[in-house]
Amino acid sequence: QTPPHDVVLARPTVAGAVEALAAAVAGEGVLVPGVLGGVEDAQAFALSWTARHGGAVNPGTRQGIYELTAVRPTKAGGNARRATSIDLTMLVAWQDDFLNEAAPHFIRDPETQFRRMSQLVDDGGYWLWEIDGRVVSMTGVSPAPPDGARVGPVYTPPPQRGNGYASALVAHVSDDALAAGARACYLHTDLANPTSNKIYRRIGYEWVCEVVELRFAPAVS
């Protein structure tokens, strides 16, 4: 957890670990805005947290986590290329559009976001799909330790949707990551968007679990 963001939980291997974590965080006097994790784990943390602090728990986003180990071929007009510094302004604007649509409550730091995206572009971590010289879709790829790759965010401007560009781009980037040595690729989707969940399955992503965000509303005195 990095202030001012949510606590993010990995799947615990020991019973009672989530409750112990909530107690430890509370004992340090740290107030967190919410928790993000597997459904049961996030609910356990929220229950323990509100037992100590009171207040209410409000549901936020619901995400699906998918894993891919082999890509099923997909076709679309155009081709993939890595983004360069020339594309950075557009990437930042599209990232904001993506967050406005998929995660409107996400707390943003524009300066930090620009710095991170600039570094990722320099590292070859953003890809674009082009058709007839026009950029129509974007995604990113970053390490997912110990031996995987995380693909995302995936964004296509509304006028360009429905043409298979995002599917083709994600398939290309995933295949590239596997060829570079990743054991598997991982992808997060908004479960409120049935289209994205369907197209990623089509190119080989398989369901792992559901992740929920639960946000804490302070008690009213």
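Excluded from the calculations below are hydrogen atoms, water molecules and symmetry mates; all remaining heavy atoms, backbone and side chain alike, are included.
Put simply, the side chain of Asn100 gets close to the backbone of Asp96: a donor and an acceptor are under 3.5 Å apart. Without hydrogens or angle criteria, Arg72 side chain to Arg201 main chain gives a donor-acceptor distance under 3.5 Å. Under the 3.5 Å distance criterion, the side-chain polar atoms of Arg82 are matched with a main-chain donor or acceptor of Gly124. Between the side chain of Thr50 and the main chain of Ala46, a donor-acceptor pair closer than 3.5 Å is present. With hydrogens and angles ignored, the 3.5 Å screen pairs no side-chain donor or acceptor of Arg202 with any backbone N or O of Lys198. Panel note: side chain Trp129, backbone Gly77; a donor-acceptor pair is recorded below 3.5 Å. Checking side-chain atoms of Asn193 against main-chain N and O of Thr195 turns up a donor-acceptor pair under 3.5 Å. Using modelled atom types, no side-chain atom of Asp175 and backbone atom of His172 make a donor-acceptor pair closer than 3.5 Å. Checking side-chain atoms of Gln1 against main-chain N and O of His5 turns up a donor-acceptor pair under 3.5 Å. One N or O on the side chain of Asp190 and one on the backbone of Ala192 form a donor-acceptor pair closer than 3.5 Å.
The hydrophobic clustering, which links ILVMFWY residues whose side-chain heavy atoms are closer than 4.5 Å, places Val170 and Val208 apart. The cluster map of Ile, Leu, Val, Met, Phe, Trp and Tyr, joined by side-chain heavy atoms under 4.5 Å apart, puts Met90 and Met138 in the same cluster. No single ILVMFWY cluster, assembled from side-chain heavy atoms under 4.5 Å apart, contains both Val154 and Leu120. Put simply, Val18 and Leu47 are part of two different groups of oily side chains (I, L, V, M, F, W, Y) that touch within less than 4.5 Å, one to the next. A chain of hydrophobic side-chain contacts below 4.5 Å, direct or via other Ile, Leu, Val, Met, Phe, Trp or Tyr residues, connects Val57 to Val32.
Counting all heavy atoms, side chain and backbone alike, Ala166 lies closest to Ser137 at CA-OG, 3.7 Å. Of all the heavy atoms in Gly204 and Leu68, the pair that sits closest is C-CD1, 3.7 Å. Heavy atoms only, all atoms of each residue included: Val136 and Pro157 are closest at O-CD, 3.4 Å. Nearest heavy-atom pair across Pro12 and Asp41 is CD-OD2, 3.4 Å. Residues Leu169 and Thr139 approach most closely at CD2-N, 3.6 Å, considering heavy atoms. For the pair Val121 and Ala83, the tightest heavy-atom approach, listed with the atom from each and the gap, is CG1-O, 3.9 Å.
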Checking Val35 against Asp6 for the side chain to side chain contact (heavy atoms under 4.5 Å, CB included) test, could you report, in this order, the C-alpha distance in whole Å, the side-chain angles of both residues, the deciding distance, and whether it holds? CA-CA 5 Å; Val35 59; Asp6 295 337; 5.6 Å; no

Any chance you could lay out the side chain to side chain contact (heavy atoms under 4.5 Å, CB included) test for Leu191 and Glu210, step after step, and finish with the verdict? CA-CA 9 Å; Leu191 289 180; Glu210 178 181 346; 3.6 Å; yes

Derivation and outcome, side chain to side chain contact (heavy atoms under 4.5 Å, CB included), residues Trp127 and Val151: CA-CA 10 Å; Trp127 287 80; Val151 177; over 6 Å; no

Let's go through Thr112 and Arg116 carefully: what are the C-alpha distance in whole Å and the side-chain angles of both, what is the deciding distance for side-chain hydrogen bond (donor to acceptor under 3.5 Å, both in side chains) to 0.1 Å, and is it a yes or a no? CA-CA 6 Å; Thr112 299; Arg116 288 177 176 172; 5.9 Å; no

Evaluation steps, salt bridge (charged side-chain N to carboxylate O under 4.0 Å, His left out), between Glu101 and Arg161: CA-CA 14 Å; Glu101 186 173 330; Arg161 293 176 187 174; 2.9 Å; yes

Tell me, with the steps shown, if Val7 and Trp49 meet side chain to side chain contact (heavy atoms under 4.5 Å, CB included). CA-CA 11 Å; Val7 169; Trp49 185 262; over 6 Å; no

Does the salt bridge (charged side-chain N to carboxylate O under 4.0 Å, His left out) test come out yes or no for Asp87 and Arg81, once each step is laid out? CA-CA 11 Å; Asp87 305 302; Arg81 70 166 174 87; 2.9 Å; yes

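Applying the ring pair (Phe, Tyr, Trp, His ring centres under 6.0 Å) rule to Phe98 yields no partners; only residues at least two apart in sequence or on another chain are considered.
Proximity of Arg150 to Cys185: side-chain heavy atoms (C-beta onward) are nowhere separated by under 4.5 Å. Here the side chains of Gln160 and Arg134 are in contact, with some heavy-atom distance below 4.5 Å. Counting heavy atoms from C-beta outward, Leu21 and Leu9 have side chains that approach closer than 4.5 Å. No side-chain heavy atom of Thr61 sits less than 4.5 Å from a side-chain heavy atom of Val212. For the pair Gln95/Tyr126, a side-chain contact is recorded, criterion being any heavy-atom separation below 4.5 Å from C-beta on.
With respect to the salt-bridge test (charged N to carboxylate O, under 4.0 angstrom), the residues Arg11 and Glu40 do not qualify.
Sorted by first then second residue, the ring pair (Phe, Tyr, Trp, His ring centres under 6.0 Å) pairs that include residues 182-206, not counting sequence neighbours, number zero. Under the ring pair (Phe, Tyr, Trp, His ring centres under 6.0 Å) criterion, no residue pair touches residues 71-92, with sequence neighbours excluded.
Ring pair Phe216/Phe45 is parallel by interplanar angle, where below 30° counts as parallel and above 60° as perpendicular.
To the nearest 0.5 Å, atom CG of residue Asn163 and atom CD1 of residue Ile131 are 7.5 Å apart. If you take CG on Leu91 and CD1 on Ile86, they are separated by 11.5 Å, rounding to the nearest 0.5 Å. The structure places CG of Asp97 at 12.0 Å from OG1 of Thr156, a figure rounded to the nearest 0.5 Å. The CH2 atom of Trp207 lies 6.5 Å from the OG1 atom of Thr189; values are rounded to the nearest 0.5 Å. Atom OG of Ser48 is separated from atom CD of Gln43 by 13.5 Å, given to the nearest 0.5 angstrom.
Within 6.0 Å of the CD atom in Gln113, the count of heavy atoms belonging to other residues, nucleotides or ligands exceeds 12.
Of the candidates Val71, Thr69, Leu187, Ser174 forms a side chain to side chain contact (heavy atoms under 4.5 Å, CB included) with just one, namely Val71.
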